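Here it is, the structure, as C-alpha cells.
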Amino acid sequence: MSLLAAAGLWGPPGLLLTFALHPALCLRPAPTSGPPHRDYCVLGAGPAGLQMAYFLQRAGRDYAVFERAPRPGSFFTRYPRHRKLISINKRHTGKANAEFNLRHDWNSLLSHDPRLLFRHYSSAYFPDAGDMVRYLDDFADRLGLHVLYNTTIAHVTLNKDRQAWNGHYFILTDQMGHAHRCSVLLVATGLSVPNQVDFPGSEYTEGYESVSVDPKDFEGQNVLILGRGNSAFETAENILGVTNFIHMLSRSRVRLSWATHYVGDLRAINNGLLDTYQLKSLDGLLESDLTDLAIVKDREGKFRVTLKFFLEEGNQSADAITLPQDDNDNFAMRVAYDRVIRCLGWNFDFSIFDKSLRLSSGGEFSKKYPLVKASYESKGSRGLFVLGTASHSVDYRKSAGGFIHGFRYTARAVHRLLEHRHHGVAWPSAEHPVSQLTSSIVRRINEASGLYQMFGVLADVVLLKENATAFEYLEELPVQMLAQLETITGRRARHGLFVINMEYGRNFSGPDKDVFFHDRSVGHTEDAWQSNFLHPVIYYYRHLPTEQEVRFRPADWALPRPTAIHHIVEDFLTDWTAPVGHILPLRRFLENCLDTDLRSFYAESCFLFALTHQKLPPFCQQGYLRTQGLVGTESLRRHREERRFPQGYATVGRRREDGAQGPEGGPLAPGPPLLQPHDSNKEEL
Amino acid sequence: MMSSSFNIYRVGISFVMMCIFYKSAVDSLSELSPQKYFSTLQPGKASLAYFCQADSPRTSIFLEELNEAVKPLQDFGISVAKVNCVKEETSRYCGKEKDLMKVYLFRGNILLREFPTDTLFDVNAIIAHVLFALLFNEVKYITTLEDLQNIENSLKGKANIAFSYVRAIGTPEHRAVMEAAFVYGTTYQFVLTTEIALLESIGTEAIENAHFYFFHCKQVLDLTQQCRRTLMEQPLATLNIHRFIKTMEAPLLTEVAEDPQQVSTVHLQLGLPLVFIVSQQATHEADRRTAEWVAWRLLGKAGVLLLLRDSLEVDIPQHANVVFRRAEEGAPVEFLVLHDTELIISHVEGNTHIEEMQEDEDEDVQSPDMDIQDDEVAETVYRHRKTQLPLELTVELTEETFNATVVASDSIVLFYAGWQAVSMAFLQSYIDLAIKLKGTSTMLLTRVNCADWSDLCTKQNVTEFPVVKMYKEGKHPVSYAGMLGTEDLLKFILLNRISCPVNITSVQEAEEYLSGELYKDLIPYSSVSVLGLFSPNMTTAKEDFTKAGNYLRGCVITGIYSEEDVLILSNKYGATLPALLLARHKEGKVESVPFANSHVQDIVQIVTNALLETFPEITVENLPVYLRLQKPLLILFSDGSINPQYTKAILTLVKEKHLDSLTPCWLNLKHSPVQWTCPSNMPLAGAYPKWCHKHGSVPAAVTGTSTTSKWSSWSWKEKKITTNTSPNAALAVGWGKPVAILPAQEWKPPLPAYDFLSMMDAAASQHPTRKEPECTKETNMQKNDKKQHEEKSTIRKEPVETLRIKHWNRSNWFKEGDKSFRHDNKEL
C-alpha cells in the first residue's frame with residue numbers, strides 16, 4: 001500500500017485517481033486492467049527460490065514464486081543421478097551454537113524454525129537426494145511460502161514504464177498464456193541445460209542426464225567418460241567395479257577440492273577412480289580438448305576415438321577413417337569403447353528470457369552463467385537479480401555461492417539490498433560503544449556461518465562513528481560492493497571502517513598445490529599473515545574505497561589495499577578465542593588503527609584514572625562513568641595486586657630504565673610464560 | 001561555630017608547611033629564606049642550596065640548569081633549594097655583594113663543599129660535581145700511572161676495579177660514570193682520571209673519547225701478575241655502563257647440558273647473544289680452554305657456554321661445533337661449523353652489530369613484548385581459569401529451557417560469553433552473589449552462555465556482554481544498569497523483592513514504612529524510603545508516580561498511599577497533596593516535597609537527588625554518581641574515618657551556601673585503591689598516608705594526616721588541582737592558582753600492533769612464494785639429513801629477519817600516531 005502512495009506522488013493526477021479507485025489493483029489479479037501485478041516474482045522453487053521467498057515472506061512483501069513442477073526442488077527428484085548428495089550433513093559438532101553449526105550444515109536453508117534443519121531429515125553424512133526433496137517440500141509448506149506450482153514461465157519480457165520501481169516491469173508469460181507483471185524479478189532457475197560440446201560423433205554419446213544408473217548395464221564394457229567434474233566421477237564410481245576399464249577424458253587436469261578449497265571441484269567421496277588409476281589398475285585419465293576429437297562407430301558398433309582433423313580429410317566411410325593409431329601405434333585411446341558418456345556439466349537456460357533483458361553477453365563463459373554484478377543484479381536489466389546456482393559467476397571456483405550453503409546467504413544479502421532500495425529499510429546493523437569492538441568481532445569470527453561459508457565474497461563491515469567512540473556492525477555485505485556501501489545499505493561510512501573477511505593463505509590453494517606439505521601450519525601470532533588455512537583477516541580503511549580502487553585492486557587481493565591489515569592466526573579448531581594468541585593481537589591492531597586504548601579495567605582502576613586524569617580510557621568512560629563499572633571479586637583483586645596492575649600510566653620507556661634494579665627486566669611484566677604460542681605440528685595432534 | 005572556624009584556621013596554617021613539601025616534589029626549585037632552609041635539613045640527607053641576593057640575567061641561566069637538575073638529583077635522594085638572602089635574615093653563606101654566586105652542598109647541616117656557579121655550567125656538570133663530592137670515598141681521582149698501579153696492587157685478590165677516563169670533570173661522560181658509581185661504588189673500586197698520558201701508558205689507542213675499563217683484580221692472587229682488563233666498546237652512557245658491569249658480574253663460562261634453545265642467562269636479558277662451544281667427553285679439557293679463551297675475547301659482547309654433547313638429549317648436527325643463539329625471543333638457533341676461534345669472534349661481532357643499530361633507533365634495551373597481556377581483566381581471569389567455581393549454584397539455561405524457566409519463576413539471568421574476559425570476571429561476582437543468597441532468595445539465579453546460545457541471546461536483545469536481566473511475573477524483563485559487582489546486584493535483587501512502588505494500606509503501615517520498621521531488612525540497601533501521598537482521585541499523579549517507582553526499581557524503596565485518610569499523614573508532615581515523603585533512615589528525618597504537576601522524569605530526578613548525600617565519602621562505587629552532577633569535587637583526604645569536626649565545618653559551609661558550586665566530599669585513604677599505587681620509597685619523610693598521583697615521571701605527593709590536622713583539597717574544577725588553606729579562605733580568594741594540572745593526554749594504544757601489511761609487502765618483493773621452495777625441494781631434503789637441516793634454517797631465517805626489522809620500524813601507516821604515542825607516554 002505504501003508503494004501505491006509513493007507511485008502516486010510521481011504519476012500524473014489521472015493515474016493517481018485510478019489507483020485510488022482500485023486500490024486492490026496491484027495486489028489481486030484483475031483481468032480487466034492488465035496482467036496481475038507482484039512486487040517480487042521469483043522464478044523457480046528450488047533451494048534459492050524458496051530461500052528468497054522466505055525472506056520476502058518474513059518482511060511482509062508482495063511476492064510469488066513460479067514453479068513448473070508440482071512440488072519444490074524438482075531438480076533433486078532426478079539429480080544427482082546416483083542420488084547421493086555430496087554436501088555434508090554434519091549433525092554433531094560438539095557445540096550448541098546454532099549459528100556455528102550452520103558452518104558444517106551444507107543443506108539447510110536459513111529460517112527461524114529450528115525444526116527446519118536438515119539434520120532432522122537425514123542421518124547420513126552424505127544424504128540422499130530424496131531427503132532434500134522432502135526437506136524443500138516441508139520448508140515451503142511449514143513456512144507457508146507463496147508458490148504457484150505447475151506454472152511454467154515460457155517467456156520473460158520487459159515493459160517500459162516510468163512509474164515502475166526500475167523504470168520497467170517484467171512481464172512473465174506462463175504456459176497458458178497468462179501474463180504476470182513484476183516490479184522485481186528474482187531468477188532462481190539454477191543450471192538446467194546439460195552442457196553439450198559439439199564434435200563429430202557427439203551423437204553417439206549418452207548424457208549424464210539419461211545414462212543408465214544400473215551397474216549391470218555396464219558389465220564387462222569399455223567405457224569412455226567425457227568430463228572431469230563430480231558428475232563424471234560419480235558416474236564412474238557407480239560402475240567402477242563392473243567395467244573392463246573406464247577412461248576419463250577432459251581438457252584440463254583434475255582439480256581436487258581439497259587442494260583448491262573449492263567445493264565444486266572433485267570431492268574425495270567421488271574419487272575412487274583416481275585411486276585405481278594410480279594403483280596401476282586399467283582405469284585412467286587423459287587430457288585433451290574435446291573439440292579436436294571425433295568419435296566414429298566401427299562395424300561392430302563400437303566407438304573409436306579419432307581426430308576431427310582426420311575426418312575433415314573427406315573420406316566418409318566409417319572403416320576408412322584414419323585413426324590416430326595408424327600413424328602412432330601406441331596412441332592411448334586406441335581401444336574401442338562400448339559406451340561414451342558425456343558428463344560436461346550444466347548451463348543456465350537463457351531461452352525463456354527475451355533479448356531485451358540482456359542476460360548474456362555472448363562470451364564463452366557467459367554461456368554457462370547469466371551476467372551479474374557483485375550485487376547479483378543483472379548487468380543488463382535493473383531490477384533483475386539472479387540467485388542460487390545460476391549466480392555462481394560471482395565467485396566461480398572461489399567460494400560457495402553456487403551451492404546451498406553459500407547462496408542461502410547471498411539470497412539474504414540480495415533481500416537486504418532490496419529492502420533498502422524499495423522500502424527504505426537500511427541494512428540491519430547494531431550500534432555499540434567502541435569498548436565492545438573487540439568482542440563484537442571476536443563473536444562473529446567464531447560463530448558467523450555466512451562469513452565462513454562465503455569467505456572472500458560476503459564480509460562483515462564495522463562503520464566507525466565520529467571520533468571512533470562508537471561503531472555500527474553490518475553483517476555479510478557483498479564485499480565487492482564495498483565502494484557502493486552507502487548507497488546500497490543506507491548507512492554512512494564517513495569515519496573509517498573495518499572489513500572482516502575470511503581467507504585462505506595466498507599461495508595455498510590450487511589444483512597443483514601440495515596442501516599437506518610439512519610446516520604448513522602457523523602457530524606464532526607474528527607469523528599470522530602467513531596462515532594457510534581459512535582464518536579471519538581484518539582490513540582497516542580510513543576512507544571508504546572507491547569503485548576504481550575495488551576494481552583495480554592488486555592481483556590476488558580480496559579487497560583494495562587497506563591502511564592496515566590484521567590476520568588472526570589460523571586455528572586448528574577454528575576457535576579464535578585464545579586470550580593471548582587471538583584476542584590480544586586483534587585488540588592491539590584495533591587500538592593502533594583507532595589510536596586509542598581498548599583495554600578493559602576494573603572499577604578501581606577507573607576510579608583512580610578518574611581522579612588523576614582528565615580523560616578516561618573508553619572502557620571506563622562507557623562503563624564505569626555510567627555506573628556500570630566492573631567491580632571484580634576479592635580473589636580476582638588479589639591476583640591483580642600480585643601483578644601490580646593497573647599499569648595504565650606506567651610508561652614503557654620508564655619501565656626499561658627502572659629495569660636496572662631488577663634482574664628480571666621490566667618489573668611490571670614478570671609474566672609467567674603466559675601462553676607461549678605452541679609450535680604446533682597439527683598433523684601430529 | 002567559633003570553635004569550628006578556629007579549627008579550620010589552624011588547619012590552614014599547617015597546610016602551608018605541606019605546600020612546601022608538595023612544591024619541592026614537583027620538580028620545581030623551591031625558594032626559601034635561609035632560616036627556613038636550615039630548618040628543613042635532615043640528618044644524613046644531602047642537600048644542594050643556591051644562595052643568591054638578586055636576579056641578574058647570569059644567574060637566571062644558571063637557575064634554569066639548576067631547575068633541570070632538581071629531578072635527577074631527587075632521584076639520588078638529594079634535595080635542591082634556592083635560598084633568598086634578600087630578606088632581613090642574613091647568613092654567612094649569603095656572602096658579600098661581589099661574591100654572590102655560590103652553591104653549597106650539605107649533608108645534614110654539615111657543609112661538604114662549595115661550588116662557584118661557573119663550574120656547574122649545565123645539568124650534567126651539576127649532577128657530576130655533586131655526586132663526585134658525595135662519593136669522594138668511592139671514586140678515586142688519580143693523575144699518574146703510579147697511582148693506578150698502587151690501587152691495582154692493593155686490590156688484587158680483593159676487589160675489581162672500574163677505571164674510567166673522561167676528558168674533563170662535569171662532562172656528560174663524567175656524569176654517567178658518577179651515576180654508575182652511585183649504584184656500584186660499594187661493589188667495585190671506581191677510579192677516574194682526566195690525564196691522557198695515563199691512558200696512553202696503559203696502551204689505549206684512539207684516545208679522543210672517554211674510556212671505561214674493567215680490571216679483573218679479584219681473582220688475581222699473584223701480586224706480580226697484572227689484572228686482566230676489559231674495555232667497554234660502547235659509548236660511555238649510564239645504561240651502557242650498567243649493561244657492561246652486569247656482564248662482568250656474570251660467570252665467564254658456564255657448562256650446560258640442555259637444549260640451547262632453553263638455556264637462559266643474564267646475557268639474553270641484556271640483549272646479548274649466546275655462543276655455545278660444543279664439547280665431548282673426550283676433548284673436554286681442550287674444549288674448555290678454547291671456550292675460556294673465546295669467553296675472554298667476547299666478554300661484554302656475548303655469553304659463552306660450554307655445551308656437553310654427550311649428555312644432551314636434543315640432537316645437534318654431527319659436525320657443528322659452535323651453536324649461536326641471538327638474544328631476541330624466538331630467533332632460531334644457528335648451528336655452525338667454525339674451525340678457527342677468530343671466526344667465532346667475527347661471527348658474533350658481525351651479528352651484534354645489527355642489534356646495536358636497532359637499539360639506537362629505539363632507545364629500548366628490550367623490545368616490549370606484545371604477547372604480554374596488559375589488559376588487567378583478561379589477565380586476572382586467565383590466571384584464575386583453573387579455579388573451580390561453584391557454578392551449580394546458578395541454573396544454566398539453554399534455548400530449550402529458557403522460556404519455561406523465566407515464565408515459571410522470577411529469575412535473574414546473566415547473559416555472558418565464555419570467551420570474554422569481562423563476562424567471566426563478572427561471572428565470579430555473580431557466583432559470589434549466589435553463595436550469599438543461597439537458600440534465601442525467591443529469585444532464581446540463572447545464566448546463559450551466549451557463546452553457546454547465540455540465537456537465544458539475540459532474541460532477548462542481548463548483543464553486548466555481560467548483561468543482567470530480571471524476568472518477573474511474566475512482565476517485560478528489566479535490564480540491570482548498576483555496577484557489575486556482587487554488592488550492587490544484591491541490592492538490586494533485594495529491593496526488587498517488594499513491588500515498586502509498594503501499596504501502603506493504612507496510616508499505621510505508612511508510619512512503619514517511614515520509620516523503616518516495615519522493611520527492616522531492606523533499609524541497609526536503601527538509605528531513603530520514598531512515600532507518595534495522594535488523594536484517591538489523583539489518578540494521573542498516581543500513574544506518574546507509579547511509573548517513576550518502576551523506573552527506580554532496584555535502587556530505592558518506593559511506596560504509595562492514597563486512602564481516604566491520607567490527610568492525617570499530609571498534615572502530620574506538613575505536605576500538600578500530592579506529595580513525596582522522603583524518610584532518611586540514617587538521620588531519622590522525614591521531609592516532604594510537593595510535586596504537583598511534576599512529570600515522571602521530574603519525580604525520578606527528585607528522588608535521585610534525595611539519594612545524594614551532602615558530604616559523602618567518595619568510594620569506587622559512588623564516584624560516577626557525584627561526577628554526574630558536573631560540579632567540581634572538593635575532596636578532603638582522610639586517613640581512616642573522618643573527624644566529625646570536619647564534617648560539621650563542611651556542613652556549616654554548605655548550609656551557608658558557600659559551597660553551592662562544588663560537591664564537597666571526603667576520601668578514606670584506608671579504603672581507597674589509591675593506596676597501593678603509592679611507591680613505598682617516596683622522598684617525603686614521615687608523612688603517611690599519602691595521596692599521590694603521577695605527574696611527569698616523579699610521583700608528586702600531597703600528604704595529610706588527620707592526627708596532625710593536616711589536610712589538603714583537590715578541586716576538580718576545570719580538572720585542575722588547587723590547594724588552598726581552607727575552604728573559607730578559598731572562597732574568599734576564589735581558589736587561587738592551580739597547583740598542578742591533571743595530565744590531559746589521550747589514552748593511546750599501550751603497545752604497537754604487528755604491521756602485517758609491510759611484512760606482506762616485504763615478502764612479496766623478496767619471496768613471492770615463501771613456502772613453495774620447501775615443498776618442491778622435498779626429494780632433496782629426504783636424501784640428506786644434514787642438508788635438510790641447513791636448508792631449513794636458512795628458510796626460516798628469512799622471514800625472521802623481515803619480521804625483526806618491520807616489527808620495529810612500524811612503517812608509515814601510523815607514523816604520526818606513533819610519535820604522539822611515545823611522546824605522551826613519556827609525559828605520563
Side-chain angles (χ1 to χ4, degrees), chain A residues 96-99 430 432 436 439 447 507 514 517 526 529 563-567 577 579-580 584 588-589 591-592 595-597 599-604 607-608 610 612-615 617 624-625 627-633 636 639-641 645-646 649 651-654 656 660 665 669 671 674, chain B residues 242 269 364-366 368 370-373 375-378 380 382-384 419-420 422 425-426 428-429 432 452 454-455 463-464 482-485 620 623-624 673-674 693-694 697 719 742-744 746-754 756-757 759-760 769 774-775 803 813-814 817 825-826 828:
Chain A
N97 190 319
E99 177 65 20
H432 299 291
Q436 290 284 334
S439 288
E447 64 178 31
N507 278 299
D514 171 15
F517 69 89
E526 73 259 36
W529 61 282
T563 314
I565 198 167
H566 182 68
H567 288 253
T577 59
V580 174
L584 181 66
R588 295 213 191 290
F589 168 74
E591 280 173 338
N592 280 283
D595 199 25
T596 187
D597 185 336
R599 288 180 292 176
S600 44
F601 295 97
Y602 285 106
E604 284 190 353
F607 173 77
L608 187 65
T612 53
H613 289 66
Q614 289 191 24
K615 290 172 182 147
Y624 180 69
L625 283 193
T627 64
Q628 293 175 26
L630 177 67
V631 178
T633 62
L636 285 174
H639 275 301
R640 185 153 47 113
E641 281 173 45
F645 273 111
Y649 46 81
T651 71
V652 175
R654 182 83 196 146
R656 303 294 146 198
L674 269 183
Chain B
H242 159 71
Q269 286 154 16
D364 276 355
V365 181
Q366 287 165 295
M370 288 190 247
D371 281 346
I372 289 201
Q373 182 63 268
D375 181 309
E376 59 177 9
V377 180
T380 47
Y382 182 76
R383 276 211 178 198
H384 220 273
W419 46 263
Q420 199 218 22
V422 176
F426 182 53
Q428 299 202 8
S429 300
D432 281 359
D452 290 333
S454 191
D455 288 354
T463 49
E464 297 174 9
M483 294 283 258
L484 301 176
V620 172
L623 177 67
V674 166
H693 69 111
K694 282 273 183 181
S697 50
K719 299 275 184 184
L742 294 176
E746 300 286 340
W747 286 79
K748 298 287 176 184
L751 284 176
Y754 294 118
F756 289 138
L757 199 56
M759 294 186 202
M760 290 162 81
T769 50
E774 267 184 39
C775 49
L803 285 180
W813 55 287
F814 293 134
N825 252 345
K826 270 181 193 144
L828 268 167

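Each chain gets a letter, A, B and so on, in the order its sequence line appears, and its residues count up from 1. Just the heavy atoms: all of them, side chains too, but no hydrogens, waters or symmetry mates, feed the values below. Nothing here was measured: the structure is a model prediction, and the numbers come from that model.
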- Among T627(A), L625(A), T633(A), T577(A), residue most engaged with chain B (heavy-atom pairs, under 4.5 Å):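 Looking at each option in turn, the highest pair count goes to T627(A).
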- Intermediate values then yes/no, salt bridge (charged side-chain N to carboxylate O under 4.0 Å, His left out), K615(A) and E746(B): CA-CA 6 Å; K615(A) 290 172 182 147; E746(B) 300 286 340; 2.8 Å; yes
- Query: Which heavy atom in R599(A) sits nearest to a heavy atom in E591(A), and how many Å separate them?
  - Reply: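 Where R599(A) meets E591(A) most closely, the heavy atoms are N-OE2, 3.6 Å.
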- Item | L757(B) side chain near W529(A) side chain, heavy-atom distance below 4.5 Å |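 A side-chain contact under 4.5 Å is absent here.
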- Query: Non-hydrogen atoms of chain A under 4.5 Å away: do they reach the side chain of Q420(B), the backbone, both or neither?
  - Reply: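 Interface part for Q420(B): side chain.
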- Query: Non-hydrogen atoms of chain B under 4.5 Å away: do they reach the side chain of L630(A), the backbone, both or neither?
  - Reply: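 Both backbone and side chain.
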- Query: What option among A96(A), P617(A), G629(A) has the most heavy-atom pairs under 4.5 Å with chain B?
  - Reply: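 Of A96(A), P617(A), G629(A), P617(A) has the most heavy-atom pairs under 4.5 Å with chain B.
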- Could you list the residues that satisfy side-chain hydrogen bond (donor to acceptor under 3.5 Å, both in side chains) with E447(A), not counting sequence neighbours?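 Only N97(A), R443(A), S454(B) meet the side-chain hydrogen bond (donor to acceptor under 3.5 Å, both in side chains) criterion with E447(A).
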